[in-house]
Amino acid sequence: MRAVAGRASHRWLLAAAAGLMTVACGSAAGLPQSVATQPAHTHQAAPSPSQPATPQASSHPATSPASTGGSKPLAGKVVGIDPGHNGDNGADPAYINQIIWNGRESETCDTTGTQTASGYTEAKFNFNVARYLRADLRAEGARVVMTRTSNHGVGPCVNRRARIIDNAHANVAIDIHADGGPVWGRGFTVLEPIADGPNDRVIRSSERFGNDLRAAMLQDTSMPVSNYYGSNGIQFRNDLAGLNLTTVPKVLIECGNMPNATDASLLTSPRFQRQLAATFNTAILTFLAKR
């Protein structure tokens, strides 16, 4: 996720539509990535719950049934998970560079995301953590809605991702990302929405969830708050479709900085990815217990 304070310029977005690919998760300096030229892959407009995890497109969000039993703490609750980007986004620049409306201004449909120095992609990290979190939430009794069900597709666009979770009437939602900041920078940042109309009714609840998530990250993981982005682990953003268009309590978390060697060693570790999922699950339980 691009760690840029303020709003992306309209002129830059029009340039992106003309084919200038940029990394979605990156610092102000950016970490541009070359775009693959192989044939376009399947566009994941919205994966189907009745299909196995494949890159095939569908018109329905990916949902998982809740575990049975009324004693489960999340029984009857719906949780939305948006694993940022997708593994084959770079194969179809025409698709991901199309212009969409994010609630305040125009931006591109999606980007490729960032990666570590060794080439471990953010899209893969995001999806791995999302799968672990889905399993944890289902064990707690929740019904889970995912915006994509594999890491082998293109899209869906960021505005479509927001609609998938909004249409599911999720009780809470989380967008999972990792940043592409300066090599010297470390740490996580929780991105929270700014009121813009569609999200007006969920600003305070999103802030409460963001505080619960920040507290859980500090208590249960070794990842520090970011030393280059945000203030004490929190950053308000008004230029992201997922936050601008949300009608449910939602935040986006940059789980760490992929270009930094210390952060990268954690972010690429399956053990740490599972730990992050458990931490997100704790934050969700804490938040929903107070509603």
> Does the pair Val248 and Ile165 meet the rule for a side chain to side chain contact (heavy atoms under 4.5 Å, CB included), with working shown?
Replying inline: CA-CA 8 Å; Val248 306; Ile165 292 174; 3.9 Å; yes
> Should Asp263 and Phe188 be marked as a side chain to side chain contact (heavy atoms under 4.5 Å, CB included) after you check the CA-CA gap, both sets of side-chain angles, and the distance that decides it?
Replying inline: CA-CA 9 Å; Asp263 279 12; Phe188 74 88; over 6 Å; no
>> Test side chain to side chain contact (heavy atoms under 4.5 Å, CB included) on Leu267 and Phe272; report intermediate values, then the result.
In response: CA-CA 7 Å; Leu267 296 172; Phe272 186 73; 4.2 Å; yes
>> Under the criterion side chain to side chain contact (heavy atoms under 4.5 Å, CB included), I'd like the reasoning laid out for Gln98 against Cys157: C-alpha separation, chi angles, the key distance, then a yes or no.
In response: CA-CA 9 Å; Gln98 64 181 293; Cys157 295; 3.9 Å; yes
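Comment: Asp82 does not engage Lys250 in a salt bridge, judged by the lack of any side-chain N to carboxylate O separation of less than 4.0 angstrom.
Checked by atom type and distance alone, the side chain of Asp200 pairs as donor or acceptor with a backbone atom of Gly197 at under 3.5 Å. Judged purely by atom type and a 3.5 angstrom limit, Asn238 has no side-chain atom pairing as donor or acceptor with the backbone of Ile194. With hydrogens and angles disregarded, no donor-acceptor distance shorter than 3.5 Å links the side chain of Asn199 to the backbone of Val202. Using modelled atom types, one side-chain atom of Ser265 and one backbone atom of Thr262 make a donor-acceptor pair closer than 3.5 Å. Under a 3.5 Å cut-off, the side chain of Arg160 and the backbone N or O of Thr147 do not form any donor-acceptor pair. Side-chain atoms of Arg208 never come within 3.5 Å of backbone atoms of Pro249 as a donor-acceptor pair (strictly under, hydrogens ignored). Of the possible polar contacts, one joining the Gln275 side chain to the Asp220 backbone as a donor-acceptor pair under 3.5 Å is found. Judged by distance alone, the side chain of Asn159 and the main-chain N or O of Ala241 form no donor-acceptor pair under 3.5 Å. Side chain of Arg148 to backbone of Pro156: no donor-acceptor contact under 3.5 angstrom is found. Under the 3.5 Å distance criterion, the side-chain polar atoms of Asn257 are matched with a main-chain donor or acceptor of Gly185.
The CG atom of Asp92 sits 9.5 Å away from the CG atom of Asp88 when rounded to the nearest 0.5 Å. Taking CG of Asn281 as the start and CZ of Arg274 as the end, the distance is 15.0 Å to the nearest 0.5 Å. Here OG1 of Thr149 is found 6.5 Å from CZ of Phe127. Values are rounded to the nearest 0.5 Å. Distance check, rounded to the nearest 0.5 Å: CZ of Arg163 to OG1 of Thr247 gives 12.0 Å. Rounding to the nearest 0.5 angstrom, the gap separating the CG atom in Asn126 from the CG atom in Asp175 is 9.5 Å. Atom CD of Gln273 and atom NZ of Lys124 lie 8.5 Å apart (nearest 0.5 Å).
Counting only heavy atoms from C-beta outward, the side chains of Lys290 and Asp212 approach each other to under 4.5 Å. Within the 4.5 Å cutoff, side-chain heavy atoms of Ile100 are placed close to those of Glu107. Contact of the Asn151 side chain with the Asn86 side chain is registered, since non-hydrogen atoms from C-beta on lie closer than 4.5 Å. Annotation: side chain of Leu133 is in contact with side chain of Ile174 (closest heavy-atom distance under 4.5 Å). Using a 4.5 Å heavy-atom cutoff, the side chains of Val251 and Glu192 are in contact. Residues Glu140 and Leu137 form no side-chain contact, since every pair of their non-hydrogen atoms from C-beta on lies 4.5 Å or further apart. Side-chain atoms of Arg138 and Val144, non-hydrogen and from C-beta on, do get closer than 4.5 Å to each other. With contacts defined as side-chain heavy-atom distances shorter than 4.5 Å, the pair Phe280/Ile81 does not qualify.
Note on Ile96 and Val158: separate hydrophobic clusters, where clusters join Ile, Leu, Val, Met, Phe, Trp and Tyr whose side-chain heavy atoms are under 4.5 Å apart, directly or indirectly. Two different hydrophobic clusters hold Leu245 and Ile99 under the rule that ILVMFWY side chains link at heavy-atom gaps under 4.5 Å. Follow the hydrophobic side-chain contacts under 4.5 Å out from Tyr132 and you never reach Met223; the two are in separate clusters. When hydrophobic clusters are built by joining Ile, Leu, Val, Met, Phe, Trp and Tyr residues whose side-chain heavy atoms come closer than 4.5 Å, directly or via intermediates, Met258 is grouped together with Leu266. Both Ile253 and Ile234 belong to a single network of hydrophobic side chains, linked directly or stepwise wherever heavy atoms of I, L, V, M, F, W or Y lie under 4.5 Å apart.
Across Leu252 and Leu243, no two heavy atoms sit closer than the pair N-CD2, 4.1 Å. Shown here for Asn244 and Gly103, the closest heavy-atom pair between the two residues is CB-CA, 4.4 Å. Residues Val79 and Ala142 come closest through the heavy atom pair CG2-CB, 4.1 Å. Between Gly242 and Ala162, the closest heavy-atom pair is CA-CB, 4.3 Å. Taking all atoms of both residues into account, the shortest heavy-atom contact from Glu122 to Gly113 is OE1-CA, 3.2 Å. For Pro83 against Met146, the heavy-atom pair with the smallest separation is CG-CE, 4.3 Å.
There is a side-chain donor-acceptor pair under 3.5 Å between Asp110 and His85. Asp179 and Tyr228 share a side-chain donor-acceptor pair at under 3.5 Å.
Ring geometry for Phe287 versus Phe209: interplanar angle of 30 to 60°, hence tilted.
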